[in-house]
Amino acid sequence: MLKKIADDLLKWYDHAARDLLWRQDKDPYKIWVSEIMLQQTRVEAVKPYYERWINRYPDAQTLADSSEEEVMRYWQGLGYYARARNLLRGVREVCSSYNGRVPDDKLAIQSIPGIGEYTAGAILSIAYDRAEPAVDGNVLRVFSRLYCISEEISQANVKKRIAELVRQAIPTERPGDFNQALMELGATVCTPRNPCCSDCPVIDFCVAFQKQRQADLPVKRQKTRAKAILLASVIIQQQDRYLLIRRPNQGLLAGMWEFPTVEIIEESAIESSLSEYLQRIAGVSFAMGEKMFDLTHLFSHRKWEISFYKGSVSINEKAQSLGETSKTAQYGWFYPAEWPQLCFAGPHQKAVHYLLSAKNNDS
DNA sequence: AAGCCGGGGCG
DNA sequence: CGCCCAGGCTT
């Protein structure tokens with residue numbers, strides 16, 4: 001029975017599998033990169049990033065030798081930026097402690113930063129032909145339906161049970177293809193909404209389909225809604241350069257650049273709040289100008305509503321502050337021509353596009 | 001166990 | 001608009 005599921009699934013996979021760059025060889029480093037990029041990220045979004053990445057960093061050593069600054073630029077726009085930092089750390093660890101070879105041991109590989117339960121199983125099965133489960137959101141959904149599991153799937157014991165069910169079904173011949181086939185099925189047929197059961201290669205084994213419960217599964221607890229936050233940002237220009245500030249090294253959008261921004265607590269206190277902030281961060285006196293535009297940006301757990309204003313700083317302190325720009329500074333004055341070299345926080349990247357296109361229309 | 005961490009596509 | 005995605009780490 002389990003054997004038949006694996007056979008049918010693999011037969012389906014052999015003709016239904018999408019042609020993806022990272023499926024062209026089993027280089028553990030390349031599989032690793034693809035799995036990290038694919039975490040919580042759709043295949044279509046990953047494609048261009050993966051291609052550019054492999055062209056620039058074809059092997060672990062090349063990546064290990066690169067600067068975090070540059071690596072972050074190659075990741076810019078993909079989201080979840082800790083993934084890139086962990087990948088760089090992990091690759092450096094592999095080069096220094098494992099002689100450049102990605103470990104094939106479950107315990108060792110899972111101790112590498114950024115590689116957890118799922119990614120460990122994915123790399124071991126795909127790159128090393130090891131019969132390890134790789135249980136991601138797709139597999140949880142597929143199995144919750146196959147076995148009609150109606151408990152909440154984020155619970156640790158439910159995940160563990162599903163991992164064991166997968167383990168029992170893994171064929172020894174093609175464990176990597178089997179895991180990928182499960183994910184492919186979840187991504188293209190056994191989808192979250194409107195699963196296409198008529199196309200399913202394992203419909204005969206699906207308990208949820210037999211009970212017509214597939215639309216009710218998997219059961220997930222509801223997430224807390226994104227909290228709205230009001231922000232004010234200022235565009236400050238001095239002699240063709242603009243003031244930018246680097247966000248703290250921890251937390252949301254860590255270490256990325258943005259226009260000076262404060263949270264609006266009191267509508268009437270925007271200017272004083274910005275003044276205090278700019279005095280503290282950059283040591284300049286500030287005067288607010290006209291409003292330029294509004295912008296909203298939705299994260300998974302937060303919603304930013306930003307108003308952008310023009311602003312200026314006092315002449316006296318200008319000369320002093322213009323000299324402060326440096327790569328490691330928490331703030332700096334940059335020409336628009338330098339902006340493309342910087343990692344902007346998502347919402348501010350939108351503002352940059354707006355400003356640059358407005359500039360081009362002027363000239 | 002729950003919260004944090006991005007960005008985009010889709011119904 | 002809300003949901004979800006080839007999750008991992010921190011608290």
Side-chain angles (χ1 to χ4, degrees), chain A residues 17-18 20-23 30-50 72 75-87 89-90 109-127 133-142 152-160 163 166 176-188 190-195 215 218 220-228 247-256 296-304 343-350:
Chain A
R18 290 167 289 182
L20 305 173
L21 258 186
W22 50 90
R23 287 179 175 163
K30 292 184 185 172
I31 302 298
W32 182 5
V33 171
S34 73
E35 289 302 337
I36 300 299
M37 284 190 173
L38 286 161
Q39 287 171 7
Q40 296 292 286
T41 310
R42 293 171 189 282
V43 165
E44 290 307 315
V46 167
K47 280 180 178 175
Y49 283 88
Y50 178 82
M72 294 311 293
W75 201 274
Q76 155 76 356
L78 251 192
Y80 287 123
Y81 298 94
R83 294 186 295 175
R85 296 192 179 94
N86 284 335
L87 178 56
R89 277 173 54 206
I109 198 174
Q110 213 173 320
S111 75
I112 295 171
I115 300 185
E117 184 79 30
Y118 160 78
T119 307
I123 296 175
L124 288 176
S125 63
I126 298 170
V135 181
D136 72 332
N138 287 309
V139 178
L140 286 175
R141 181 171 59 255
V142 169
E152 214 268 86
I153 56 166
S154 75
Q155 294 184 74
N157 63 325
V158 176
K159 286 185 179 174
K160 204 171 289 184
V166 174
D177 283 347
F178 176 78
N179 282 334
Q180 292 192 82
L182 279 178
M183 295 188 274
E184 192 85 1
L185 187 70
T188 62
C190 194
T191 49
R193 283 166 306 194
N194 307 322
K220 310 184 86 166
R221 73 165 194 283
Q222 74 230 40
K223 286 188 263 190
T224 51
R225 268 188 47 237
K227 183 187 173 193
R247 294 177 59 80
N249 282 323
Q250 306 235 325
L252 185 63
L253 301 166
M256 303 179 85
T296 67
H297 188 89
L298 196 62
F299 301 95
S300 49
H301 59 300
R302 223 169 287 291
K303 180 183 183 186
W304 282 3
C343 279
F344 278 93
H348 293 263
Q349 183 78 57
K350 293 183 191 170

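All chains are named by letter (A, B, ...) in the order of the sequence lines, taking the proteins before the strands, and each is independently numbered beginning at 1. These numbers come from a predicted model, not from an experiment.
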Could you tell me whether the phosphate oxygens of [N], OP1 or OP2, come under 4.0 Å of any side-chain nitrogen or oxygen in [X]?
X: A:T119; N: C:dA6; answer: no
X: A:K220; N: C:dC5; answer: yes
X: A:Q40; N: C:dG7; answer: yes
X: A:Y81; N: B:dG7; answer: yes

Please list, chain by chain and in numerical order, all residues satisfying salt bridge (Lys or Arg N to Asp or Glu O under 4.0 Å) with A:R193, sequence neighbours excluded.
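Counting only residues at least two positions away or on another chain, A:R193 forms no salt bridge (Lys or Arg N to Asp or Glu O under 4.0 Å).
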
Residues which pass salt bridge (Lys or Arg N to Asp or Glu O under 4.0 Å) with A:K159, listed by chain and number, not counting sequence neighbours:
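For A:K159, no residue satisfies salt bridge (Lys or Arg N to Asp or Glu O under 4.0 Å) once neighbours in sequence are set aside.
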
For A:R83 and A:E152, take the nucleotide of DNA chain B holding the closest heavy atom to each; which residue's nucleotide lies nearer the 5' end?
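Comparing both residues, the 5'-ward one is A:E152.
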
Please figure out whether A:Q76 or A:N157 has its closest DNA chain B nucleotide nearer the 5' end.
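So the residue in question is A:N157.
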
Taking any heavy-atom pair under 4.0 Å as a contact, classify [X]: base, sugar-phosphate, or nothing.
X: A:R141; value: sugar-phosphate
X: A:W304; value: nothing
X: A:G251; value: sugar-phosphate
X: A:I36; value: nothing
X: A:S154; value: nothing
X: A:I126; value: nothing

Rounding to an integer number of angstrom, what distance separates C:dA6 and B:dC4 when you compare their P atoms?
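Nearest-Å result for C:dA6 against B:dC4 at atom P: 24 Å.
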
P gap between B:dG8 and C:dG8, integer Å:
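Rounded to whole Å, the distance is 22 Å.
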
Would you give me the side-chain donor-acceptor pairs under 3.5 Å for residues 33-40 of chain A, sequence neighbours excluded?
{"residue": "A:S34", "atom": "OG", "partner": "A:I31", "partner atom": "O", "Å": "2.8"}
{"residue": "A:E35", "atom": "OE1", "partner": "A:Y118", "partner atom": "OH", "Å": "2.6"}
{"residue": "A:Q39", "atom": "NE2", "partner": "A:T119", "partner atom": "OG1", "Å": "3.0"}

May I have the distance from A:Y80 (atom OH) to C:dA6 (atom P), rounded to whole angstrom?
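To the nearest whole Å, that distance equals 13 Å.
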
Check the distance between B:dC5's C1' and A:R247's CZ and give it to me in whole angstrom.
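My rounded result for the distance is 12 Å.
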
Among C:dA6, C:dG7, B:dG6, find the nucleotide with the atom closest to the side chain of A:Q39.
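It is C:dG7.
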
Any donor-acceptor N or O pair under 3.5 Å, side chains A:T41, A:R83
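Their side chains do contain a donor-acceptor pair, which is all the 3.5 Å distance test asks for.
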
Tabulate atom names and distances for all N/O pairs under 3.5 angstrom spanning the protein and nucleotides 8-11 of chain B.
{"residue": "B:dG8", "atom": "N2", "partner": "A:R42", "partner atom": "NE", "Å": "3.2"}
{"residue": "B:dG8", "atom": "N2", "partner": "A:R42", "partner atom": "NH2", "Å": "3.2"}

Sequence neighbours excluded, which residues qualify as side chain to side chain donor-acceptor pair (under 3.5 Å) partners of A:N138?
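For A:N138, the residues satisfying side chain to side chain donor-acceptor pair (under 3.5 Å) (neighbours in sequence not counted) are A:D136, A:R141.
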
Indicate the atoms forming the closest heavy-atom contact of A:R85 with A:A254, along with that distance.
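For A:R85 versus A:A254, the nearest heavy atoms are NH2-O, 2.9 Å.
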
Just wondering, do A:V139 and A:N179 contact through their side chains at under 4.5 Å, heavy atoms?
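Contact flag for A:N179/A:V139 side chains = no.
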
Just the table, please: protein N/O against nucleotides 9-11 of chain C N/O, every pair under 3.5 Å.
{"residue": "C:dC9", "atom": "OP1", "partner": "A:G114", "partner atom": "N", "Å": "2.7"}

